[in-house]
Amino acid sequence: MTDAPSARRVPLVLGIETSCDETGIGIVRGTQLLANTVSSSMEEHVRFGGVIPEIAARAHLEAFVPTLRQALDTAGIELRDVDAIAVTAGPGLAGALMVGLSAAKGLALAADKPLYGVNHLVAHVGVGLLDPAAEDGAGEDGAGPAGMLALPENTGALLVSGGHTEILRVGSLTSDVQLLGSTIDDAAGEAFDKTARLLGLGYPGGPAIDAAAATGDPRAFRFPRGLTMPKFEGSAEAPGKHRHNWSFSGLKTAVARAVEQFETAGRPVPVADIAASFQEAVVDVITAKAVRAAGEHGITTLMLGGGVAANKRLRELLAQRCAAAGIELRIPPVSLCTDNGAMVAALGAQLVAAGVAPSSLQIPADSSQPVQLISV
Ligand code: KG4
Ligand code: ZN
């Protein structure tokens with residue numbers, strides 16, 4: 001194992017992300033973004049209506065070297081220049097994670113660089129520290145490398161994607177992350193994808209529903225908000241165990257029933273109204289629970305991450321509810337909200353700067369890595 005690089009200088013870190021269907025390579029210098037190259041295998045999953053793990057793993061293998069080359073070229077550096085290599089160790093699809101992890105170990109060994117196996121969810125939060133304006137190496141001969149900014153005190157993160165729906169409290173990116181709530185069944189993006197399939201809107205479903213909902217009436221159908229009954233939520237003094245958790249499976253069933261009723265009656269399915277009402281139900285329950293969890297845990301800055309952060313209605317309602325609760329909302333650009341390597345590099349740089357010991361080259365991929373395990 002190589003020693004941790006000096007914590008005194010701003011570290012140049014290469015980040016590798018392969019936990020789902022995006023092969024992401026990012027390069028940062030501290031909090032300055034130098035490159036964020038992503039190759040997605042989404043097109044290959046379209047005909048299956050969801051990510052097929054084996055196809056994703058093979059696509060990572062094929063995309064890895066060209067994506068790495070492009071990121072290094074964009075940043076104007078060579079592998080020997082970096083101080084450390086960070087890679088997503090989990091959570092995610094096991095086979096997909098293994099491709100990135102094996103590649104990272106190979107690079108670390110070949111170039112004699114320390115390796116940091118990091119948590120994908122915490123990396124989604126770390127990206128909030130990056131200054132995207134500095135991409136393409138603009139800062140290299142400009143004002144000099146950015147320093148190591150820290151997250152504001154009492155930061156929280158709402159992560160909503162095809163793979164996760166979580167609310168976190170982040171005391172410190174490198175040593176203190178706590179899971180406040182998560183979905184107990186489908187992830188929010190998964191609910192969008194499955195519902196879009198029911199409505200014949202194709203994959204990925206999120207953007208399709210977002211677009212269809214624009215012409216629909218969000219009050220046309222009253223779809224259920226999962227885990228919002230008092231028995232699940234309890235009271236402020238005696239909270240139920242699902243107070244800050246979500247469930248989207250009942251909502252999906254309710255949409256299926258509504259579609260069936262129209263089809264059985266031989267009437268056209270009101271796709272836009274169902275899409276708008278479904279979206280309203282998802283966004284209402286996500287934002288209500290996130291803002292309440294934030295309030296009850298003293299969170300004053302909330303960061304939004306994950307692919308569903310692209311949803312217009314989610315951004316709008318979350319902004320309204322955060323403002324009403326006195327919470328500052330931060331939403332990174334969509335290219336940094338979806339899975340990418342820059343977020344992994346950003347967290348890696350924080351770990352290096354904090355003097356955290358590098359990982360062993362023996363670390364395994366952990367498909368269900370808990371959020372508290374920031375690096376392994
Ligand atoms: O973070 P992400 O790119 O990675 C995975 O989880 O794989 O998120 C993808 C998810 C998909 O489920 C997609 O349907 C959803 O994000 N998504 C959206 C929107 N754009 C993407 N969901 C709702 N509204 C959108 N505009
Ligand atoms: Zn993700």
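Along the sequence shown, the residues carry numbers beginning at 1.
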Item checked: H45 vs I55 side-chain heavy atoms within contact, under 4.5 Å -> yes

Notebook entry, point to check: Would you say the side chain of L168 lies within less than 4.5 Å of the side chain of L179, judging by non-hydrogen atoms?
Noted result: yes

Checklist line | Side-chain heavy atoms of D210 within contact of R313, under 4.5 Å | finding: no

Item checked: D73/R69 ion pair, N-O < 4.0 Å -> yes

Margin query: Assess whether a salt bridge exists between R321 and D284, defined as any Lys/Arg side-chain N lying under 4.0 Å from an Asp/Glu carboxylate O.
Written below: yes

Check: Can you list every ring-ring contact (aromatic ring centres under 6.0 Å, His included) pair that touches residues 264-302, not counting sequence neighbours?
Finding: F192-F278, H244-H297

Check: Is any side-chain heavy atom of F64 closer than 4.5 Å to a side-chain heavy atom of I16?
Finding: yes

Item checked: Within 6.0 angstrom of E153 CD, more than 12 heavy atoms from elsewhere -> no

Notebook entry, point to check: Between F262 and F221, what is the ring plane arrangement, given parallel below 30°, perpendicular above 60°, and tilted in between?
Noted result: perpendicular

Margin query: Please determine whether residues Y116 and V170 belong to a single hydrophobic cluster, defined as Ile, Leu, Val, Met, Phe, Trp and Tyr linked transitively by side-chain heavy-atom distances below 4.5 Å.
Written below: yes

Margin query: Any non-hydrogen side-chain atom of V127 less than 4.5 Å from a side-chain atom of L130?
Written below: yes

Checklist line | Student check: side-chain heavy atoms of D176 and R169 closer than 4.5 Å | finding: yes

Note to self: Is there a side-chain contact between Q261 and R267 in this structure, where contact means two heavy atoms from C-beta onward sitting under 4.5 Å apart?
What the structure shows: no

Notebook entry, point to check: Do D185 and S247 get their side chains close enough for a donor-acceptor pair, meaning under 3.5 Å?
Noted result: yes

Notebook entry, point to check: Is E54 salt-bridged to R58, going by a charged N under 4.0 Å from an acidic O?
Noted result: no

Next item on the list: Output yes when E260 and R257 qualify as a salt bridge under the 4.0 Å nitrogen-oxygen rule, no when they do not.
Entry: no

Exercise answer: donor-acceptor pairs, residues 368-376 side-chain atoms, under 3.5 Å, sequence neighbours excluded:
from: Q369; atom 1: OE1; to: G90; atom 2: N; distance (Å): 3.2
from: Q369; atom 1: NE2; to: L373; atom 2: O; distance (Å): 2.8

Note to self: Quick check: is V291 connected to L158 through a chain of hydrophobic side chains (ILVMFWY, heavy atoms under 4.5 Å apart)?
What the structure shows: yes

